[in-house]
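Contents: one structure, followed by commentary.
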Amino acid sequence: MNDISLPLLPEQVKIVEVGPRDGLQNEVTPISAQDKIALIEKLSTAGVSYIESGSFVSPKWVPQMATSTEVFQKLNRKAGVTYAALTPNMRGFEGAIAVNADEVAIFGAASESFSQKNINCSIEQSIARFAPIMDAARNAKIKVRGYVSCVLGCPYEGDIAPEQVAKVAEQLYQMGCYEISLGDTIGVGTPANVTKMIQAVSARVPTSKLAVHFHDTYGQALTNIYAALQMGIKVVDSAIAGLGGCPYAKGASGNVATEDVVYMLNGLGINTAIDFERLLEAGWFISEKLGKTPISKVSNAYLAKKCS
Ligand code: HMG
Ligand code: MG
């Protein structure tokens, strides 16, 4: 009997770990800078090569990120690992650069209402705010990643047209972002609209410059990642222990768990260069600090096996 053939999938996938930023930003339990650093160091020890380690936003808007300066200052950095920061404006960019963030990320949205709620300005105004960051980053030789939020739906506007996503993604790409991360902020997507949305964006931005960023609110994230891989996407954002959510997208639960993504990729024979056991330990560490079990079925299955 013939082997069942799998669709064409990439040989390697880069994991962009957003747990210390996207994962923790929505948590009410305060996590000390020391514990955030311990988490980041556990992730780098596990072989995660890109860690979004904090954000330089208003501490009134996102109190959990107020320690980002201290985190970046005291972090023991591992060679070959990128420690990135989220920066909404020049003030954030300057804060990130002052503590040697390796890269920064700017964040726009495909939905006007979400843009207003999240960063207090329209999509057009946000692009204008990002322009000086791009100039300063170019001068400082700092790479800039771009996010587009609400690519498959908005908590305030509902459906979002793929063309609208493509338009904003193209603007960020043309401004100089080296990669555009497509965020299903409220986790409503399914493989059909993921495929349509990536098709629309790929017509304007090369697929090799795209990443996917799925929240798992409706339990569709892994399936959606699988659909994205089939379309040639090779960069996947995820958060350790499935932490996360956006304070400005009510009901948005965590990002897809890094443990679940790596387990699936391992099963597909796709290389991530991540030590799975150490990854699990990083997730158990931060979950204990937060006083909750990981929001990852894979992690909980291994935990149950370990404790039996
Ligand atoms: P604003 O009110 O329009 O700006 O906020 P402002 O310039 O008038 O400043 C307001 C206050 O913030 C002032 O302080 C400033 O000093 C301060 P006050 O006078 O009230 O004491 N401020 C800052 N403080 C620290 N760092 C800064 C900074 N800038 C101003 N960089 C702003 C604009 C963007 C600052 C605000 O709206 C904000 O901080 N928003 C938070 C946005 C955020 O972090 N959202 C969550 C991350 S995005 C996300 O999770 C989605 C993503 O994961 C992808 C996906 O899932 O889709 C990326
Ligand atoms: Mg997010």
Side-chain angles (χ1 to χ4, degrees), residues 16-27 52-69 72 84-99 101 104-111 113-123 125-130 132-133 136 144-156 160 165 168-169 172 177 179-189 197 210-217 221 224 235-240 242-258:
V16 167
E17 171 59 51
V18 296
R21 192 281 301 172
D22 204 350
L24 291 179
Q25 73 183 9
N26 208 30
E27 294 292 335
E52 201 172 73
S53 304
S55 65
F56 292 79
V57 299
S58 162
K60 284 187 190 154
W61 285 57
V62 189
Q64 185 70 267
M65 289 294 112
T67 53
S68 292
T69 295
F72 274 91
L86 200 71
T87 57
N89 52 18
M90 271 310 283
R91 178 161 165 200
F93 176 77
E94 280 156 10
I97 294 313
V99 291
V104 298
I106 55 177
F107 48 111
S111 144
S113 315
F114 184 78
S115 183
Q116 288 291 353
K117 298 272 184 200
N118 193 38
I119 49 176
N120 206 20
C121 62
S122 68
I123 298 173
Q125 284 166 334
S126 75
I127 299 290
R129 271 188 198 177
F130 299 147
I133 299 184
V144 184
R145 195 168 192 252
Y147 282 102
V148 184
S149 286
C150 298
V151 298
L152 297 169
C154 166
Y156 312 101
I160 297 291
V165 180
V168 179
L172 294 178
C177 291
E179 184 170 279
I180 310 298
S181 176
L182 302 166
D184 183 10
T185 319
I186 52 169
V188 287
M197 183 272 294
L210 301 176
V212 287
H213 178 109
F214 292 125
H215 286 254
D216 201 26
T217 320
N224 290 342
V235 183
V236 174
D237 299 2
S238 61
I240 191 72
L243 299 174
C246 177
Y248 302 101
K250 282 273 166 283
S253 65
N255 291 78
V256 65
T258 308

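All ligand and atom numbering here is 1-based and tracks the order in the structure.
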Handout entry: Backbone or side-chain N or O of C150 under 3.5 Å from ligand 1 N or O
Key = no
Handout entry: R145 and ligand 1 - part of the residue with a heavy-atom distance under 4.0 Å
Key = neither
Practice task
Quick one: pull up CD in E179 and CZ in R145 and give me the separation to the nearest 0.5 Å.
Solution key: 4.5 Å
Problem - Polar contact flag, side-chain donor to acceptor under 3.5 angstrom, R129-Q125 - result: no
Exercise for the section: Would you give the length of the straight line joining atom CZ of F107 to atom OG of S55, rounded to the nearest 0.5 angstrom? Expected result: 7.0 Å
Problem - Proximity to ligand 1 by part of L86, non-hydrogen separation under 4.0 Å - result: side chain
Exercise for the section: Show which atoms of ligand 1 fall inside a sub-4.0 Å distance from at least one heavy-atom site of P88. Expected result: 34 (C)
Problem - Expected output: side-chain T217 to main-chain I186 donor-acceptor under 3.5 Å - result: yes
Exercise for the section: Would you mind listing which atoms of ligand 1 come within a distance below 4.0 Å of any non-hydrogen atom of P59? Expected result: 24 (N), 25 (C)
Practice task
Answer with side chain, backbone, both or neither: which part of Q125 has a heavy atom less than 4.0 angstrom from an atom of ligand 1?
Solution key: neither
Practice task
Could you tell me whether the side chain of N255 and the main chain of V18 form a donor-acceptor pair under 3.5 Å?
Solution key: no
Practice task
Mark up the atoms of ligand 1 that fall under 4.0 Å of a heavy atom belonging to D22, in ascending order.
Solution key: 50 (O), 53 (O)
Practice task
Determine the interplanar angle of the F72 and F56 rings, folded into 0 to 90°, and report it as parallel if under 30°, tilted if 30 to 60°, perpendicular if over 60°.
Solution key: tilted
Handout entry: S58 contact mode with ligand 1 (heavy-atom cut-off under 4.0 Å)
Key = both
Exercise for the section: Determine whether the side chain, the backbone, both or neither of V57 has a heavy atom under 4.0 Å from any heavy atom of ligand 1. Expected result: both
Handout entry: Interfacing atoms of ligand 1 (cut-off 4.0 Å, heavy-atom, F56)
Key = 26 (N), 27 (C), 31 (N)
Exercise for the section: Return yes when E94 approaches ligand 1 closer than 4.0 angstrom through a heavy atom, no otherwise. Expected result: no
Handout entry: Under 3.5 Å: donor-acceptor pair, side chain of E17, backbone of I240
Key = yes
Problem - Non-hydrogen atom of A105 closer than 4.0 Å to ligand 1 - result: no
Exercise for the section: Let me see the working for E52 and D237 under side chain to side chain contact (heavy atoms under 4.5 Å, CB included), right down to the final yes or no. Expected result: CA-CA 10 Å; E52 201 172 73; D237 299 2; over 6 Å; no
Problem - M90 heavy atom under 4.0 Å from ligand 1 - result: no
Problem - S149 side chain to G183 backbone, donor-acceptor under 3.5 Å - result: no
Handout entry: Per-atom contacts of ligand 1 with Q25, taking only distances under 4.0 Å to non-hydrogen atoms
Key = 46 (C), 47 (C), 49 (C), 50 (O)
Problem - ligand 1 N/O within reach of V148 N/O, cut-off under 3.5 Å - result: no
Practice task
Report yes if some N/O of W61 lies less than 3.5 Å from some N/O of ligand 1; otherwise report no.
Solution key: no
Problem - Of the listed options N118, N255, V151, closest to atom 45 (N) of ligand 1 (non-hydrogen atoms) - result: N118
Exercise for the section: Output yes when a side-chain donor or acceptor of D216 lies under 3.5 Å from a complementary backbone atom of A221, and no otherwise. Expected result: yes
Handout entry: Value rounded to 0.5 Å, distance of NE2 in H213 from CG in D22
Key = 4.0 Å
Handout entry: Short N or O distance, N120 and ligand 1, threshold 3.5 Å exclusive
Key = yes
Problem - Per atom 18 (P) of ligand 1, closest listed option by heavy atom (Q64, K60, H213, E52) - result: K60
Completion exercise
Looking at D22, the N, O or S atom sitting nearest the Mg ion (ligand 2) is OD2
Fill in the blank from the handout: The atoms of ligand 1 lying under 4.0 Å from a heavy atom of I119, numbered in the order shown, are 33 (C), 37 (O)
Exercise for the section: Go through the steps for N120 and W61 under the test side chain to side chain contact (heavy atoms under 4.5 Å, CB included), then give the verdict. Expected result: CA-CA 11 Å; N120 206 20; W61 285 57; 3.7 Å; yes
Problem - Proximity of F107 to ligand 1 by residue part, where a heavy atom lies under 4.0 Å - result: side chain
Output a table of donor-acceptor pairs, distance under 3.5 Å, between side-chain atoms of residues 85-97 and any protein atom two or more places apart or on a different chain; print 'none' if there are none.
residue	atom	partner	partner atom	Å
T87	OG1	A105	O	3.4
N89	OD1	R91	N	3.4
N89	OD1	G92	N	2.9

Problem - Ligand-residue contact atoms, ligand 1 with G92, heavy atoms, under 4.0 Å - result: 31 (N)
Handout entry: Value rounded to 0.5 Å, distance of CG in L243 from OG in S238
Key = 11.0 Å
Handout entry: Those atoms of ligand 1 less than 4.0 Å from some heavy atom in S149
Key = 51 (C), 54 (C), 55 (C), 57 (O)
Problem - S115 side-chain N/O to C121 backbone N/O, donor-acceptor pair under 3.5 Å - result: yes
Problem - Backbone or side-chain N or O of S55 under 3.5 Å from ligand 1 N or O - result: no
